[in-house]
Amino acid sequence: MNATDLYAHLRQTVLTALAQIIPDLPADIAARVEVTPTRDPAHGDMATNAAMVSAKAARQPPAKIAAALVQHLAAAPEIAAAETAGPGFVNLRLHPQTFRALLPIILANGEAYGDATAGTGTGTKINLEYVSANPTGPMHIGHCRGAVVGDALANLLTKAGYTVTKEYYINDAGAQVVALAWAAYWRYLQAIGTPLTEEEFAAEVPGGLQYKGDYLIPVGEMLKATHGTALATEAKGIAAPETWLDTVKDTTIAAMMTEVREDLRLLGVQQDIFTSERALVASGAADTVIAKLQADGLIYEGVLEPPKGKTPDDWEPRPQTLFRSTNFGDDVDRPLRKSDGSNTYFANDIAYHADKIGRGYNELIDVLGADHGGYVPRMKAAVKALSHDAVKFDAVLCQIVHILKGGVPLKMSKRAGSYVTLRDLLEEVGKDAVRFTMLTRKADAQMEFDLDQVLATTRENPVFYVQYAHARCRSVLRAAAEMFPGAALTDADLSTTNVDTLDGEPELTLIRRLALWPRTVESAASAREPHRIAFFLYDLAADFHMLWNRGKDDATLRFLQADQPAATRARLALVAATAVVIRSGLAVMGVTPVEEMR
RNA sequence: GCGCCCUUAGCUCAGUUGGAUAGAGCAACAGCCUUCUAAGCUGUGGGUCGGUGGUUCGAAUCCACCAGGGCGCGCCA
């Protein structure tokens, strides 16, 4: 037995036995057979629903199938006892040796333990788009959650065997970057000493002066350094926009993206591809896509009904170019062109997703803010239409994060420039705590990020609790090196250890938890829920701390016993394997494991 | 008015894709420090899983309706 996933292994054993009882069992029924950990240890180690799910197809009562399964399974070498239970479960009790045999495998595999070998992910190419913050200013706390969730999801899917491309879509087209350019231009005029006041300048800006934060001051300085006073009138006033707008836009977007990339780097996020909306628009991709949809008969000119119950005051019916998204499950058809004929953001975004489809992915996943929730059905419809249902589109929605300090919510105001930037947050609590904490909630649930709790050194704080467990593991191994000078104690060395002496219940509880790791990776990946990794690590840490603490009451239960080198070595293998799995999990979360608590 | 997401212990949240007697942490109460780190551990109490029906061997989980909370709803991105 050298399977890395004990549950998958036993599932095969059950399926083999089941095939002997019901030779012509349909494949779709077999697919529903599960081997799961039992909730109650009294029920054994694992349970299978095999008899219940196959009863109907086999036209036999579950109890009869279960009884036959018990007969067949009793012969399996891993299984100590099999018995029927409840409505048709078969409970399995494994030999402790079966669990213990996992430790050498974990140590030999290292952090690759839990990687899919032949799971659902194999061969599937996924494009994962996340962050995609507008390049109009520094990243703030709102972007942070999507960045962390997206990045951890990428790691998770990769571990589960998918081939993942991590992508950032730069929204550098449209009205907001024009507003950004005007704001940067104001900083430029200030830099060269304009006589204009802010009010006088703002009065000349189409749509008013937005983006008033200080972060554009360096951009103004940069423009001055490069262009001198050439972008302004001789009186250092506002020149005709066509003489400077593109230049200022280019410089500003480039400067903002430099900042964004630095923010991402500090957060530990590395994306593979940055795609520019502006370049996409310039290439005419949106018109190409509209033409393609037109050829499929999915485009028409029409007038949308006003939204029911809440008609805007300035509503008037206007004909637009519409996409028949209702053919693909959307509620209303969606406009691709505005009434003036220019393309909508949606048209550009369809073009972008068409581009991704063209790059050969089997699945597209967007990590979005929850305020984009209403946007998902139409994108789903568009991807379905464009790929003729060959490519899947999914969205992971991230709910809002409230920052608490001293139990009081921090006020956020972008207009006043007083919002919490990502960089502030990283300086305050550090990358690892930010990443871990962001993953301690389901993405689609609101979360409160308590600055005090994140830094707390108590069990309440999962970051600390998990890191502490790893540090304790490493501490034991360091102490072992002192107690047994010259002993070979690397993971590879320990992987050959005889671990038969590990027969205490707390030890076996911990090993059972380690056995769940591949299964946890698989289920978290297929549910696209990276937060499950955080909860798994918390539970694992709790099991380990419990084992550690037994040594308080009874010194003979401590890991290190100078007079029992063989038994100590077996315990060290368990400790090292625990550390391996914690590291493996932290790697998915993008958190650096610590060697000691300081 | 419509759509999507929520509602689980006093509080903050899990719940292994439909499994057996629903679990953690905090808070409350009761214990444990000449230690490989007590930055912790052990135990006790605490639940009509928002409500009502339905689907089936079996529902916190799926479906319908209702109640409460959040987000969104043509030419913003």
Side-chain angles (χ1 to χ4, degrees), chain A residues 7 32 34 36-40 42-43 47 49 52 55-56 61-63 85-89 91 134 136 171 173-177 277 303-312 315-318 320 322 330-332 334-335 337-346 348-349 369-377 397 399-400 440-442 444-448 450 453 456-462 464-465 468 471-472 475-480 482-483 516 519-520 522-524 526-527 529 531-532 534-536 538-539 542 545-546 548-553 555 558-560 575 596-597:
Chain A
Y7 288 85
R32 288 177 55 206
E34 290 184 324
T36 54
T38 57
R39 190 169 294 172
D40 184 345
H43 296 140
N49 61 354
M52 288 178 287
K56 200 168 276 183
F89 286 105
N91 289 338
N134 292 350
T136 52
N171 291 129
Q176 89 274 359
V177 286
E277 181 188 1
V303 180
L304 286 174
E305 296 286 313
K308 294 205 168 47
K310 194 198 146 207
T311 308
W315 177 272
E316 36 179 305
R318 286 176 186 162
Q320 293 178 265
L322 300 172
D330 200 4
D331 302 316
V332 290
R334 304 293 177 175
R337 291 203 175 105
K338 307 173 189 175
S339 48
D340 68 2
S342 64
N343 293 331
T344 60
Y345 175 81
F346 180 49
N348 291 332
D349 213 15
D371 54 342
H372 288 68
Y375 190 72
V376 174
L397 297 179
Q399 275 287 356
I400 197 162
T440 55
R441 290 285 180 276
K442 249 184 310 206
D444 60 5
Q446 283 190 26
M447 111 175 252
E448 308 211 316
D450 189 324
Q453 191 189 309
T457 54
T458 66
R459 181 169 184 167
E460 283 178 76
N461 178 6
F464 165 78
Y465 195 66
Y468 191 25
R472 275 183 158 172
S475 158
V476 171
L477 291 164
R478 283 192 300 271
E482 286 182 26
M483 185 179 281
L516 281 170
R519 188 185 159 76
T520 302
E522 220 271 298
S523 66
S526 60
E529 290 187 347
H531 76 279
R532 294 191 191 187
F535 283 92
F536 172 84
Y538 186 81
D539 290 339
H545 286 307
M546 177 190 289
W548 169 291
N549 278 97
R550 288 202 318 156
K552 284 199 194 92
D553 298 330
R558 293 183 190 168
F559 295 115
L560 303 179
V575 170
E596 55 185 335
M597 306 304 288

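Here is the naming used below: chain letters follow the sequence lines, and residue numbers restart at 1 for every chain. Every value quoted in this text rests on a predicted model; they were computed, and no experiment measured them.
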Trainee: Can you name the side chain to side chain contact (heavy atoms under 4.5 Å, CB included) partners of A:R558, sequence neighbours left out?
Mentor: A:A555, A:Q561

Trainee: Not counting sequence neighbours, which residues clear side chain to side chain donor-acceptor pair (under 3.5 Å) with A:H372? List them please.
Mentor: none

Trainee: So which one's nearest nucleotide on RNA chain B is more toward 5', A:G174 or A:A85?
Mentor: A:A85

Trainee: A:M597 has an atom CE; how far is it from atom P of B:A38, in whole Å?
Mentor: 13 Å

Trainee: So, OP1 or OP2 of B:C36: does either fall under 4.0 Å of a side-chain N or O from A:S475?
Mentor: no

Trainee: Go through the structure and list residues passing salt bridge (charged side-chain N to carboxylate O under 4.0 Å, His left out) with A:E34, not counting sequence neighbours.
Mentor: none

Trainee: Within less than 4.0 Å of OP1 or OP2 of B:C41, is there a side-chain N or O belonging to A:Y465?
Mentor: yes

Trainee: Whole-Å distance between B:C75 P and A:K338 NZ?
Mentor: 8 Å

Trainee: Look at A:R472 and B:C41 and indicate whether a side-chain polar atom (N or O) is within less than 4.0 Å of OP1 or OP2.
Mentor: no

Trainee: At under 4.0 Å between heavy atoms, how does the protein contact nucleotides 27-35 of chain B? Give one character per nucleotide, 5' to 3', with B, S or -.
Mentor: --------S

Trainee: Categorize A:F464 for me: base, sugar-phosphate, or nothing, with a 4.0 angstrom heavy-atom threshold over every strand shown.
Mentor: base

Trainee: For a quick check of understanding: with a heavy-atom distance under 4.0 Å over all strands, which category does A:N91 fall into, base, sugar-phosphate or nothing?
Mentor: base

Trainee: Apply side-chain contact (heavy atoms from CB on, under 4.5 Å) to residues A:R32 and A:N49 and explain how you reach the verdict.
Mentor: CA-CA 8 Å; A:R32 288 177 55 206; A:N49 61 354; 5.7 Å; no

Trainee: Can you tell me, in whole Å, how much space there is between the P of B:A9 and that of B:A24?
Mentor: 15 Å

Trainee: Base, sugar-phosphate, or nothing for A:P462, non-hydrogen atoms under 4.0 angstrom?
Mentor: nothing

Trainee: Would you please name every residue forming a side chain to side chain contact (heavy atoms under 4.5 Å, CB included) with A:R478, sequence neighbours left out?
Mentor: A:R474, A:S475, A:E595, A:E596

Trainee: Stems in RNA chain B: runs of 3 or more consecutive Watson-Crick or G-U pairs, distances under 3.5 Å?
Mentor: B:1-7 with B:67-73, B:10-13 with B:23-26, B:28-32 with B:40-44, B:50-54 with B:62-66

Trainee: Using a 4.0 Å heavy-atom cut-off, write out nucleotides 8-19 of chain B from 5' to 3' as B (base contacted by protein), S (sugar-phosphate only) or - (no contact).
Mentor: ----SSSSBB-B

Trainee: With A:E529, which residues qualify under side chain to side chain contact (heavy atoms under 4.5 Å, CB included), at least two apart?
Mentor: A:K442, A:A527, A:H531, A:R532

Trainee: What integer distance in Å separates A:L304:CG from B:C2:P?
Mentor: 19 Å

Trainee: Applying side chain to side chain donor-acceptor pair (under 3.5 Å), name anything that partners A:D330, two or more places apart in sequence or on another chain.
Mentor: A:S325, A:R334

Trainee: Under the 5.5 Å and 30° test, is A:H43 stacked on the base of B:A20?
Mentor: yes

Trainee: Need to verify one output field. Residue with the more 5' nearest nucleotide on RNA chain B, A:A471 or A:T344?
Mentor: A:A471

Trainee: Measure the acute angle between the ring planes of A:F346 and A:Y375, then classify it against the limits of 30° and 60° as parallel, tilted or perpendicular.
Mentor: perpendicular

Trainee: In this structure, how many angstroms lie between the C1' atom of B:G69 and the CG atom of A:D444, rounded?
Mentor: 15 Å

Trainee: Please state how far atom OH in A:Y375 lies from atom P in B:C73, giving the value in whole angstrom units.
Mentor: 13 Å

Trainee: Mind checking A:A173 for me? I need base, sugar-phosphate or nothing, with any heavy atom below 4.0 Å counting as a touch.
Mentor: sugar-phosphate

Trainee: By salt bridge (charged side-chain N to carboxylate O under 4.0 Å, His left out), which residues pair with A:R337, not counting sequence neighbours?
Mentor: A:D287

Trainee: Mind checking salt bridge (charged side-chain N to carboxylate O under 4.0 Å, His left out) for A:R550 and listing every partner two or more places apart, or none if nothing turns up?
Mentor: A:E507

Trainee: Using salt bridge (charged side-chain N to carboxylate O under 4.0 Å, His left out) as the criterion, list what pairs up with A:D539, not counting sequence neighbours.
Mentor: A:R513

Trainee: Mark yes or no for a side-chain to base donor-acceptor pair under 3.5 Å between A:N348 and B:A77, with no hydrogen or angle criteria applied.
Mentor: no

